[in-house]
Amino acid sequence: MQHLSSLLGRHTPDRPAPLRAAAPAVAALALLLPASLSGCAAFGGERSGIVVTTNILGDITRSVVGDQADVTVLMQPNANPHSFGVSARQAAELEEAELVVYNGLGLEEGVLRHVEAAEQAGAPALEVAAGVDPLDYAEGETAGQPDPHFWTDPVRTGEAVDLIADAVVEQVGGVDEERVRANADAYRGEVEALHEEAEERFGALPEERRRLVTDHHVFGYLADRYGFEVIGAVVPSGTTLASPSSADLKSLSDAVREAGVPAVFADSAQPDRLTRVMAEEADLEIEVVPLFTESLTGEDGDAPTYLDMARYNTGAIADALAE
């Protein structure tokens, strides 16, 4: 099995390595096998293709890989990354992959055990969020824990592009390195253009308008990059699987009233009932603005790609807070 240490330098010292080798028992066994078998799956099957957990990372990975390898994305459009699951066939695909690309830092709560099983079976796995200098949640039930929602910061997304390209070149047999690197460079240029657009749009907002209230803690990276203050979240957690208490809603309503924010932002794929309850609790006229925060849409939606999603969210946030 190929040594994976070349990608470990990108993660922070206190974080898990973004690309982890197989479990010790499997790694020890690999030392006994001929080098010619390093590309083989467990039990003698040949490894094949790249498997990606979330559709956001799936779109980014496909842009980097191009026609150089097959890319399978497990998470369907408009799904919730915290709760989506996989079939037995998809779990087998994970274990047989030449490379597994996953967000990590606890995001894919229903799939992480299958990723771990794939690693145990010897599949190389890239934990992208761990390799882009992750932030910790600043408040709420998940305060102090690493925040997996790095893609709301295009700068970190550009770093993720490079991580994925490195892993593909190192782990996937038969790819043309020059073409993969060229694809990554071109795509990173588009992501950098997104960052420049966001700087311009958000920079036009007065400081007192750069305040965010969301349905759950999902925009910490965007806030850190563009100078926003996160007033709070309806669900005081980094996962949509948590629930707010009456005291949580009352506390947030008071904060919203004091800050005078004109809008609350909710994920378009999630029910916004709690967000509207909070707005009513504040006894203020507050617009509830839908965003695409954790999942892409289908081709007929407003966010079929990461670039579309990021551009849509930037415009929706800037327009709502400018009013």
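Quick caveat, the model's predicted, so the values are computed rather than measured.
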Counting only heavy atoms not in Asp319, do more than 12 fall under 6.0 Å of its CG?
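Result for CG/Asp319: enclosed.
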More than 12 heavy atoms of other groups within 6.0 Å of Glu287 CD
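More than 12 within 6.0 Å, yes.
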For the pair Asn55 and Ser295, evaluate side chain to side chain donor-acceptor pair (under 3.5 Å) and give the outcome as yes or no after the intermediate values.
CA-CA 6 Å; Asn55 54 41; Ser295 177; 3.0 Å; yes
Gap separating the [atom1] atom of [X] from the [atom2] atom of [Y], nearest 0.5 angstrom:
X	Y	atom1	atom2	result
Leu291	Thr214	CG	OG1	9.0 Å
Phe292	Thr297	CZ	OG1	5.5 Å
Asp224	Arg156	CG	CZ	6.0 Å
Thr54	Ile60	OG1	CD1	7.5 Å
Leu296	Thr305	CG	OG1	7.0 Å
Glu109	Arg113	CD	CZ	13.5 Å

Yes or no on salt bridge (charged side-chain N to carboxylate O under 4.0 Å, His left out) for Glu177 and Arg181, after CA distance, side-chain angles and deciding distance?
CA-CA 6 Å; Glu177 178 174 357; Arg181 299 291 186 194; 3.5 Å; yes
Can you find a heavy atom in the side chain of [X] that is under 4.5 Å from one in the side chain of [Y]?
X	Y	result
Ser63	Asn183	no
Ile50	Asp70	no
Phe150	Asn103	yes
Val180	Val64	yes
Gln76	Phe84	no
Leu222	Phe228	yes
Leu74	Val52	no
Asp166	Leu126	no

Quick one: do [X] and [Y] make a salt bridge, cutoff under 4.0 Å?
X	Y	value
Arg210	Glu229	no
Glu96	Arg47	no
Asp176	Arg179	no

Applying the side-chain hydrogen bond (donor to acceptor under 3.5 Å, both in side chains) criterion to Thr157, which one of Trp151, Tyr306, Tyr221 satisfies it?
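Testing each of Trp151, Tyr306, Tyr221 against Thr157, the sole residue satisfying side-chain hydrogen bond (donor to acceptor under 3.5 Å, both in side chains) is Tyr306.
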What verdict does the side chain to side chain contact (heavy atoms under 4.5 Å, CB included) test give for Val168 and Leu99, after you've listed the backbone C-alpha separation in whole Å, the side-chain angles of each residue and the deciding distance to 0.1 Å?
CA-CA 7 Å; Val168 169; Leu99 176 65; 4.0 Å; yes
Mind running salt bridge (charged side-chain N to carboxylate O under 4.0 Å, His left out) on Arg62 and Asp67 for me, showing each step along the way?
CA-CA 8 Å; Arg62 282 174 170 157; Asp67 62 359; over 6 Å; no
Checking [Y] against [X]: is there a side-chain donor and acceptor pair closer than 3.5 Å?
X	Y	answer
Tyr226	His195	yes
Glu294	His82	yes
Glu93	Thr72	no

Indicate, with yes or no, if [Y] and [X] share a hydrophobic cluster defined by side-chain heavy-atom contacts under 4.5 Å among Ile, Leu, Val, Met, Phe, Trp and Tyr.
X	Y	result
Val155	Ile317	no
Leu107	Val73	yes
Met75	Leu112	yes

Assess whether side chain to side chain contact (heavy atoms under 4.5 Å, CB included) is satisfied between Asp147 and Asp136, documenting all intermediate values.
CA-CA 5 Å; Asp147 182 349; Asp136 289 340; over 6 Å; no
Which of these passes side-chain contact (heavy atoms from CB on, under 4.5 Å) with Leu212: Val261, Leu321, Val264?
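When side-chain contact (heavy atoms from CB on, under 4.5 Å) is applied between Leu212 and each of Val261, Leu321, Val264, only Leu321 qualifies.
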Do you know the tightest heavy-atom contact between [X] and [Y]?
X	Y	result
Leu194	Ala310	CD1-CB, 3.7 Å
Ala69	Val175	CB-CG1, 4.4 Å
Gly131	Leu163	O-CD1, 3.5 Å
Thr293	Val218	CB-CG2, 4.0 Å
Val289	Ala263	CG2-CB, 4.0 Å
Pro146	Pro148	O-CD, 3.6 Å

Could you check whether any side-chain N or O of Gln90 sits under 3.5 Å from a backbone N or O of Ser87, counting only pairs where one atom can act as donor and the other as acceptor?
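It does hold such a pair.
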Using 30° and 60° as the class boundaries, would you call the ring planes of His217 and Tyr137 parallel, tilted or perpendicular?
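His217 and Tyr137: tilted rings.
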Show your reasoning for whether side chain to side chain contact (heavy atoms under 4.5 Å, CB included) applies to Thr53 and Val115.
CA-CA 9 Å; Thr53 55; Val115 173; 4.0 Å; yes
Are the ring centres of Phe219 and Phe265 closer than 6.0 Å?
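Phe219 vs Phe265: aromatic centres not under 6.0 Å.
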